[in-house]
Amino acid sequence: MSKKATAGKEHNFFEDVHDVARLIPKGRVTSYGAIARYLGTAMSARMVGWAMNASHMSKDIPAHRVVNSQGLLTGKHHFTPPSSMQRRLEKEKVKVVKDKVVDFQKIFWDPSKELL
DNA sequence: GGTCTGACCGGCG
DNA sequence: ACGCCGGCCAGAC
């Protein structure tokens, strides 16, 4: 039998998001919407960000590589200090100007495409 | 168990 | 170019 016969659907949103976030290559960035879409919740990008908030518990999750569709470091406010997000991105050769990722489209990493 | 919020996204005026 | 609005899902109070 299955391991979980009557196992309720554990839509571990956290794990899903965390898993994808961990797969983000260094020097690349993705958007909440892209991850949401990859998970099947395209319109629920909000929860992706919220789930990322929980990523704070796991230091293995490069939340700083996740930005919004504009390439803006919207979540930097949740970092400590906020500037650490940009700092980490620059550390990965990702240029950030005015809280925005330079060449965002170029380094954009789409899980539904890259992880095909 | 209803209500609100949230690291978003895209459309419209 | 910019501001406002709704939508969508999941958790917290």
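Each chain gets a letter, A, B and so on, in the order the sequences are listed, and its residues count up from 1. Predicted, not measured: the structure shown is a model, and the values here were computed from it.
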Colleague: Under 4.0 Å from any atom of DNA chain B, heavy atoms only: list the residues of residues 90-104 of chain A that qualify, in numerical order.
Modeller: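 The stretch gives none, as no residue of it lies under 4.0 Å from the strand.
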Colleague: Quick check: closest heavy atoms across A:His77 and A:Pro82, and the distance to 0.1 Å?
Modeller: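 Closest approach of A:His77 to A:Pro82, heavy atoms only: CA-CB, 4.4 Å.
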Colleague: Between residues 69-89 of chain A and DNA chain B, which residues have a heavy-atom gap below 4.0 Å?
Modeller: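 Under 4.0 Å from DNA chain B: A:Ser69, A:Thr74, A:Gly75, A:His78, A:Phe79.
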Colleague: Should A:Leu115 and A:Phe13 be counted in the same cluster of Ile, Leu, Val, Met, Phe, Trp and Tyr side chains packed under 4.5 Å apart?
Modeller: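 Yes; A:Phe13 is reachable from A:Leu115 via cluster members.
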Colleague: What does the list of N/O pairs under 3.5 Å between the protein and nucleotides 1-4 of chain C look like, with a distance for each?
Modeller:
none

Colleague: Does one hydrophobic cluster hold both A:Val29 and A:Ile35, with members joined at side-chain heavy-atom distances below 4.5 Å?
Modeller: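 No, A:Val29 does not connect to A:Ile35 through the hydrophobic network.
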Colleague: Quick one: are A:Leu39 and A:Val20 in side-chain contact, heavy atoms under 4.5 Å?
Modeller: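 Contact flag for A:Leu39/A:Val20 side chains = yes.
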Colleague: Could you tell me whether the side chain of A:Ser55 and the main chain of A:Ile61 form a donor-acceptor pair under 3.5 Å?
Modeller: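 Not at all, since once roles are kept as given, no pair shorter than 3.5 Å links the two residues.
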Colleague: If you apply the rule side chain to side chain donor-acceptor pair (under 3.5 Å), what do you find for A:Ser112 with A:Asp110, and how did you get there?
Modeller: CA-CA 6 Å; A:Ser112 50; A:Asp110 190 342; 2.6 Å; yes
Colleague: Does A:Arg87, at its CZ atom, have more than 12 non-hydrogen atoms belonging to other residues, nucleotides or ligands within less than 6.0 Å?
Modeller: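 No, because the 6.0 Å sphere around CZ of A:Arg87 holds 12 heavy atoms or fewer from other groups.
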Colleague: For the residue pair A:His64 and A:Phe79, establish whether any side-chain heavy-atom pair is separated by less than 4.5 Å.
Modeller: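 Yes. Closest side-chain heavy atoms under 4.5 Å.
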Colleague: When hydrophobic residues are tied together by side-chain contacts of less than 4.5 Å, even through go-betweens, does A:Leu23 share a cluster with A:Tyr38?
Modeller: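 Yes.
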Colleague: Cluster question for you: counting only ILVMFWY and a side-chain heavy-atom cut-off of under 4.5 Å, with indirect links fine, are A:Val94 and A:Trp109 together?
Modeller: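 They do not share one cluster, since no chain of ILVMFWY contacts under 4.5 Å joins A:Val94 to A:Trp109.
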Colleague: Would you check if A:Tyr32 and A:Trp50 make a side-chain contact, meaning some heavy-atom pair closer than 4.5 Å?
Modeller: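 No, every pair of side-chain atoms sits at 4.5 Å or beyond.
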Colleague: In a table with atom names and distances, give each donor-acceptor pair under 3.5 Å that connects a side chain of residues 95-105 of chain A to protein atoms at least two apart or in another chain.
Modeller:
from	atom 1	to	atom 2	distance (Å)
A:Asp99	OD1	A:Lys76	NZ	3.1
A:Asp99	OD2	A:Lys76	NZ	2.6

Colleague: Can you list, in residue-number order, the parts of residues 34-64 of chain A that come under 4.0 Å of DNA chain C, counting heavy atoms only?
Modeller: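 Nucleic-acid contacts, sorted: A:Met43, A:Ser44, A:Arg46, A:Met47, A:Trp50.
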Colleague: The test is salt bridge (Lys or Arg N to Asp or Glu O under 4.0 Å); show your working for A:Arg65 and A:Glu92 and say whether it passes.
Modeller: CA-CA 10 Å; A:Arg65 290 183 193 148; A:Glu92 313 223 338; 2.8 Å; yes
Colleague: Does some side-chain heavy atom of A:Pro111 sit less than 4.5 Å from a side-chain heavy atom of A:Thr30?
Modeller: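 Yes. Closest side-chain heavy atoms under 4.5 Å.
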Colleague: Dot-bracket for DNA chain B: what is it, with Watson-Crick or G-U pairs under 3.5 Å, [ ] where a pair crosses earlier ones, and | for a pair to another strand?
Modeller: .|||||.||||||
Colleague: Give the rounded distance in Å between these two atoms: CZ of A:Phe13 and C1' of C:dA12.
Modeller: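 The answer, rounded to whole Å, is 17 Å.
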Colleague: I'd like to know whether A:Ile24 forms a side chain to side chain contact (heavy atoms under 4.5 Å, CB included) with A:Val66, so could you lay out the CA-CA distance, the side-chain angles of the two residues, the decisive distance to 0.1 Å, and finally the verdict.
Modeller: CA-CA 9 Å; A:Ile24 302 174; A:Val66 184; 3.7 Å; yes
